[in-house]
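Sharing a structure, written as structure tokens. Questions coming.
Numbering of residues begins at 1 and proceeds along the displayed sequence.
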Amino acid sequence: MKYSLFTVSVPDLTPEEALERMKKFGYDGVDWRVTVLPTDPEILEEAPSYWRNNYCTIDMEEVDEKAEEIKAMCDKYGIEINALATYLDCSDSPEKIERCMSAARKMGCSRIRVNSLRYNKEKTYEELLNQAVEGFKAVEKLAQRYGVKADFEMHMGTITPSASAAYRLASQFDPRYIGVIYDTGNVVYEGYEEYKMALEILGPYLDLVHIKNAKWVKKEVEGREKYAGDWAPFTDGYADFENCFQALKEVGYNGYVTFEDFSSDYSSEEKMEKDLAYIRQLAEKNRI
């Protein structure tokens, strides 16, 4: 099993600073956050944050032309490019998806993230599923052309929050080209199924595992107090990493697990060090 870091979780570090620390702590790979960089002066003046002014982001507008430069920077630190984690979905323009696949091929990266669709109550689930299938037909053709797999993430609020729902979509495609990202934190919010069963359901479509933690807390949501999901440190949430890793071992998964910590208890550098040490200790204890 190999360990990667999704750079969305270290928003105050530049790409090179993140790579230097990954090498220092012993990560094997990196999942680059790839999206259009903000140009709004107000956002650029904000403190670094996960989804707005994130310094550790590759500009999607330039990712293809800078692919070799990015690859050289990673090679300098001995870090493999595990994934280009875009925020595109299967309904986005093929040109944008193709640009990222072209970049991935130049970098020697085997996968990009192309998500499924958000659930929208104004449409039926079947309508959204059919729309996603049509979108991924075009994505699959690009994946075949570039030799780069497109993975969609199990994510709350989408039509694929669970392994069962993800399989229903993925199973209509060739697992060589379309895969699924299992996420231990997202399923705390929505979509949890027993780990081993979930992994067995995904079968050959399981291509990557994101690890983060979450828990339910009482807070104000849309003007009223209720229980809702919130991010948590690796050691203080509902995700059962020991059982999850045991299940991964039992189904024969030996690929990458990607760290994605959105908790706020520690600095980016502290999270990088503590999270990897915690998971490595757990894996060694269980001979994973």
Does K271 offer a backbone N or O that forms a donor-acceptor pair with the side chain of D261 under 3.5 Å?
no

Answer yes or no: does atom OH of Y125 have more than 12 heavy-atom neighbours from other residues, nucleotides or ligands under 6.0 Å?
yes

With no hydrogens and no angle check, is any side-chain donor or acceptor of Y253 less than 3.5 Å from a backbone partner on Y256?
yes

Close side-chain approach of F234 to K274, heavy-atom, < 4.5 Å:
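Side chain of F234 against side chain of K274, heavy atoms only: no contact under 4.5 Å found.
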
Between the side chains of T57 and R33, does any donor sit under 3.5 Å from an acceptor?
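Present: a donor and an acceptor within the cut-off.
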
Any heavy-atom pair between the side chains of Y167 and S162 that's under 4.5 Å?
no

Would you sort out whether E17 and Y55 count as a side chain to side chain donor-acceptor pair (under 3.5 Å), showing the intermediate values?
CA-CA 10 Å; E17 288 171 341; Y55 299 164; over 6 Å; no

What is the minimum heavy-atom distance between A166 and V180, and which atoms define it?
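Taking A166 first and V180 second, the nearest heavy atoms are CB-CG1, 4.0 Å.
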
At what distance, to the nearest 0.5 angstrom, does CG of D40 lie from CD of E46?
8.0 Å

Contacts under 3.5 angstrom, residues 142-159 side chains, donor-acceptor by atom type, not counting sequence neighbours:
| from | atom 1 | to | atom 2 | distance (Å) |
| --- | --- | --- | --- | --- |
| R145 | NH1 | E98 | OE2 | 3.1 |
| Y146 | OH | E98 | OE2 | 2.6 |
| K149 | NZ | P175 | O | 2.7 |
| K149 | NZ | D207 | OD1 | 3.3 |
| D151 | OD1 | G179 | N | 3.4 |
| E153 | OE1 | R113 | NH1 | 2.7 |
| E153 | OE2 | N186 | ND2 | 3.2 |
| E153 | OE2 | H210 | ND1 | 3.1 |
| T158 | OG1 | H155 | O | 2.7 |
| T158 | OG1 | T160 | N | 3.0 |
| T158 | OG1 | T160 | OG1 | 3.3 |

Residues W32, C109; criterion side-chain contact (heavy atoms from CB on, under 4.5 Å); working and verdict:
CA-CA 11 Å; W32 287 115; C109 171; over 6 Å; no

Do K137 and F173 have side chains that get closer than 4.5 Å, going by heavy atoms?
yes

For Y195 versus A247, what's the shortest heavy-atom pair and its separation?
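That closest heavy-atom pairing would be CB-CB, 3.9 Å.
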
Sub-4.5 Å side-chain heavy-atom contact between F245 and I279
yes

Are the side chain of N53 and the backbone N or O of S49 linked by a donor-acceptor pair below 3.5 Å?
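Not a single qualifying donor-acceptor pair exists.
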
Are any non-hydrogen side-chain atoms of K71 and K106 less than 4.5 angstrom apart?
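When only atoms from C-beta onward are counted, K106 and K71 do not touch, as no gap falls below 4.5 Å.
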
Is there a side-chain contact between V8 and F262 (heavy atoms, below 4.5 Å)?
yes

Kindly compute the distance separating CD (E126) from CG (L128), expressed to the nearest 0.5 Å.
9.5 Å

Atom NZ of residue position K123 - does it have more than 12 heavy atoms of other residues, nucleotides or ligands inside 6.0 Å?
no

Around E42, counting heavy atoms of other residues, nucleotides and ligands shown, do more than 12 lie under 6.0 Å from its CD?
no

Nearest 0.5 angstrom please: Q131 CD to F136 CZ, how far?
11.5 Å

Atom pair CG (L202) and CD1 (I181), whose distance is rounded to the nearest 0.5 Å
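Here the rounded value is 11.5 Å.
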
May I ask whether L88 and Y119 are part of the same hydrophobic cluster, defined by side-chain heavy atoms of I, L, V, M, F, W, Y residues being less than 4.5 angstrom apart, directly or through others?
yes

Any salt bridge linking E61 with R99? Criterion: basic side-chain nitrogen under 4.0 Å from a carboxylate oxygen.
yes

Should we count NZ of K249 as having more than 12 external heavy atoms under 6.0 Å?
yes

Between W231 and A214, the two heavy atoms sitting closest are CE3-CB, 3.8 Å

Sub-3.5 Å donor-acceptor pair from the side chain of T258 to the main-chain atoms of F6, do we have one?
no

Straight-line distance of M60 CE to T86 OG1, nearest 0.5 Å
7.0 Å

With heavy-atom distances below 4.5 Å as the criterion, would you say the side chains of L208 and D31 are in contact?
yes

Is the CD atom of E270 crowded by more than 12 outside heavy atoms at less than 6.0 Å?
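Above 12, so yes.
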
Neighbour count above 12 (heavy atom, 6.0 Å) for E68 CD:
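Counting neighbours around CD of E68, 12 or fewer heavy atoms of other residues, nucleotides or ligands fall under 6.0 Å, so no.
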
With a 4.5 Å limit on heavy-atom distance, are the side chains of R52 and P38 in contact?
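R52 does not reach P38 side chain to side chain.
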
Distance-minimising heavy-atom pair for L117 and A132:
CD1-N, 3.8 Å

Verdict with supporting geometry, N213 and T184, side-chain contact (heavy atoms from CB on, under 4.5 Å):
CA-CA 7 Å; N213 215 338; T184 64; over 6 Å; no

What residue among E200, E194, E193 forms side-chain hydrogen bond (donor to acceptor under 3.5 Å, both in side chains) with K196?
E200

side-chain contact (heavy atoms from CB on, under 4.5 Å) between D275 and Y266: does it pass, once the steps are laid out?
CA-CA 10 Å; D275 290 348; Y266 302 103; over 6 Å; no

Using the six-membered ring wherever Trp is involved, compare the ring planes of Y189 and W216 and label them parallel, tilted or perpendicular (cut-offs 30° and 60°).
tilted

ring-ring contact (aromatic ring centres under 6.0 Å, His included) partner of F259, the single match among Y278, Y27, F241, F25:
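Only one of Y278, Y27, F241, F25 forms a ring-ring contact (aromatic ring centres under 6.0 Å, His included) with F259, namely Y27.
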
Quick check for you: to the nearest 0.5 Å, what is the distance between E16 atom CD and I70 atom CD1?
12.0 Å

Return the minimal non-hydrogen interatomic distance between Y205 and A170, and the atom names on each side.
CE2-O, 3.1 Å

If you compare all heavy atoms of A103 against all heavy atoms of A67, which two are closest, and at what distance to 0.1 Å?
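In terms of heavy atoms, the two residues are closest at O-CB, 3.8 Å.
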
Can you check whether S4's main-chain N or O pairs, donor with acceptor, with D28's side chain at less than 3.5 Å?
no

